[in-house]
Amino acid sequence: MIVLYRIYQLLIMAPVLLVATIVAALTTIIGCALGGGRWWGYYPARWWGRLFCIMSLVRVKVTGAENIDPATSYVFVANHQGAYDIFSIYGYLPHKFRWMMKASLRKIPLVGYACEKAHQIYVDKSSPSALRHTMERAEEVLRGGTSLVVFPEGARTWNGHMRPFKRGAFTLANEFSLPLVPVTIDGAFDIMPRTRKIPRPGTIRLTIHPPIPSPENPARQAEAIKRCFDDVHSALPGRHQ
C-alpha cells in the first residue's frame, strides 16, 4: 500500500500540484495587476490550498465557524504544526485574510512574487525602518476590511508541542483594536512535520475559538497572549500538550 501511494505521489500528485501552483501564482499576479487584488489575492490561493489537501489525501474538518463573522476583521492566531498548516488554513478557514509571513519566503520563485502582489505581509526585522514599513503594510490591509493570519510561535514545532507566542500579532490587534481569534490546528504534525519531506494521508482539525477582545493597552497584552495560548492549547490531544 505504501509503495502504491509513493507511486501515486510521484506520477500523479506531484505533477498536478506543481502545475496548480504555477497556475495559481500566475492567476494571482495577473488578476492583481488588473486591479482585482481583493478577489484575485484570495480565491486562487484558497482553491490551491484545497487542491493540495485533496490530492494529498488529507481531510480537513472545521469546527467553530459559527464563532466568526465574515464581515468583521480579525487577527487569527494559530499554532504551527507543519507545512500543511498553510494549505488547510488557505483552503478551509471560512474568512478572507492575508498572511503575516517571514521575509525569507519572498525568495520562493514565482510564489514569493505572487504573495507580494496579493498583499501578503512580509515581516522584515532587518532594521527599524523595515519593521515600520511592515506595520504600514499591515495597517493598509487591515483598514481594507481584511483579516490577518499569524503563527505567533514564529516557526514550525519540532516535536508537536506548542512554543511560546511572540508579541507581534497582539501588538497589531491592540494597534487597530481588532479582536483576536485563536485557531487550533491538530493533525498537520502527523501528516508532514518539520522533519519530513513527504506527506502521509490523514486528517487535520481546525478549531476556531470564540474571539477575544483586543488588549485595551500594552499593559494588558500579556493577558491576551495567555488567553490565546490557552485556548489553542486546549483543543490539542494529550500527546501534544
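Everything numeric in this text was worked out from a predicted model, so none of it was measured.
Looking only at atom types and distance, the side chain of Trp48 has a donor-acceptor partner in the side chain of Thr21 under 3.5 Å away.
No chain of hydrophobic side-chain contacts below 4.5 Å, direct or via other Ile, Leu, Val, Met, Phe, Trp or Tyr residues, connects Val111 to Ile29. In this structure, Phe52 is a member of the same hydrophobic cluster as Leu93, with clusters built from ILVMFWY side-chain heavy atoms closer than 4.5 Å. Following chains of ILVMFWY side-chain contacts shorter than 4.5 Å, one cannot reach Val232 starting from Ile208, and the two form parts of different hydrophobic clusters. The hydrophobic clustering, which links ILVMFWY residues whose side-chain heavy atoms are closer than 4.5 Å, places Leu206 and Trp47 together. Criterion: ILVMFWY side-chain heavy atoms under 4.5 Å apart, direct or through other members. Under it, Met192 and Phe151 are part of a common hydrophobic cluster.
Separating the OH atom in Tyr43 from the CZ atom in Arg38 is a distance of 10.5 Å, to the nearest 0.5 Å. To the nearest 0.5 angstrom, His119 atom NE2 is 12.0 Å from Thr28 atom OG1. Note that the CG atom of Asn174 and the CZ atom of Arg167 stand 10.0 Å from one another [nearest 0.5 Å]. With rounding to the nearest 0.5 Å, the separation of CE in Met162 from NE2 in His233 is 6.5 Å. Here the straight-line distance linking atom CG of Leu18 with atom CE of Met13 works out to 11.5 Å at 0.5 Å rounding. For the atom pair NZ (Lys61) and CG (Asp186), the distance works out to 11.0 Å, reported to the nearest 0.5 Å.
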Could you please spell out the steps behind the side chain to side chain contact (heavy atoms under 4.5 Å, CB included) verdict for Thr207 and Val183?
CA-CA 6 Å; Thr207 303; Val183 178; over 6 Å; no
As a quick check of understanding, evaluate side chain to side chain contact (heavy atoms under 4.5 Å, CB included) for Leu178 and Tyr74, giving each step before the final call.
CA-CA 6 Å; Leu178 292 178; Tyr74 301 101; over 6 Å; no
Would you please test Ile198 and Gln9 for side chain to side chain contact (heavy atoms under 4.5 Å, CB included) and show each step?
CA-CA 9 Å; Ile198 300 174; Gln9 286 180 315; 3.2 Å; yes
Begin from the C-alpha positions of Ile212 and Cys228 and carry the test side chain to side chain contact (heavy atoms under 4.5 Å, CB included) through to its verdict.
CA-CA 8 Å; Ile212 295 172; Cys228 285; 3.8 Å; yes
I'd like to know whether Arg156 forms a side-chain hydrogen bond (donor to acceptor under 3.5 Å, both in side chains) with Gln81, so could you lay out the CA-CA distance, the side-chain angles of the two residues, the decisive distance to 0.1 Å, and finally the verdict.
CA-CA 5 Å; Arg156 290 169 290 172; Gln81 287 198 332; over 6 Å; no
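Of the options Phe76, Tyr42, Tyr90, a ring-ring contact (aromatic ring centres under 6.0 Å, His included) to Trp99 is made by Tyr90 and by none of the others.
Proximity of Gln221 to Thr171: side-chain heavy atoms (C-beta onward) are separated by under 4.5 Å at one or more points. Pro199 places none of its side-chain heavy atoms less than 4.5 Å from the side chain of Val58. When side chains are defined from C-beta on, Asn79 does not count as touching Thr157, because their heavy atoms never get closer than 4.5 Å. You'll find the side chain of Val150 reaches within 4.5 Å of the side chain of Val75, heavy atoms only. Ile191 places none of its side-chain heavy atoms less than 4.5 Å from the side chain of Thr203. Under the 4.5 Å side-chain criterion, counting only non-hydrogen atoms from C-beta, Phe97 is not in contact with Arg46. Between Tyr122 and Ser104 there is no side-chain heavy-atom pair separated by less than 4.5 Å. A heavy-atom distance below 4.5 Å is not found between the side chains of Glu175 and Ser214.
A salt bridge links Arg239 to Asp190: one of the charged nitrogens lies within less than 4.0 Å of a carboxylate oxygen. In summary, Glu116 and Arg106 engage in a salt bridge, as defined by a charged side-chain N under 4.0 Å from a carboxylate O. Asp230 has a carboxylate O that lies under 4.0 Å from a charged side-chain N of Lys226, or vice versa, which qualifies the two as a salt bridge.
When all heavy atoms are compared, the tightest approach of Asp231 to Thr184 is O-OG1, 3.7 Å. Taking all atoms of both residues into account, the shortest heavy-atom contact from Glu153 to Arg163 is OE2-N, 2.7 Å. Ala118 and Cys32 make their closest contact through CA-SG, 3.9 Å (heavy atoms, listed as atom of the first residue, atom of the second, distance). The shortest heavy-atom contact between Ala169 and Val77 is CB-CG1, 3.9 Å. Heavy atoms only, all atoms of each residue included: Arg227 and Pro213 are closest at NH1-CD, 4.3 Å. When all heavy atoms of Ala114 and Ala25 are compared, the pair lying nearest together is CB-O, 3.7 Å.
Shown here is Leu11, whose CG atom has more than 12 heavy atoms of other residues, nucleotides or ligands within 6.0 Å. No more than 12 heavy atoms of other residues, nucleotides or ligands sit less than 6.0 Å from atom OH of Tyr113. Surrounding CZ of Arg6 are more than 12 heavy atoms belonging to other residues, nucleotides or ligands, all under 6.0 Å away.
Legend: ring-ring contact (aromatic ring centres under 6.0 Å, His included) pairs involving residues 169-189, not counting sequence neighbours, sorted by first then second residue: Phe189-His240.
In this structure, Phe87 and Tyr84 have perpendicular ring planes: the angle between them is above 60°, well past the 30° mark.
Without hydrogens or angle criteria, His95 side chain to Thr72 main chain gives a donor-acceptor distance under 3.5 Å. No donor-acceptor pair under 3.5 Å is formed between the side chain of Ser56 and the backbone N or O of Cys53.
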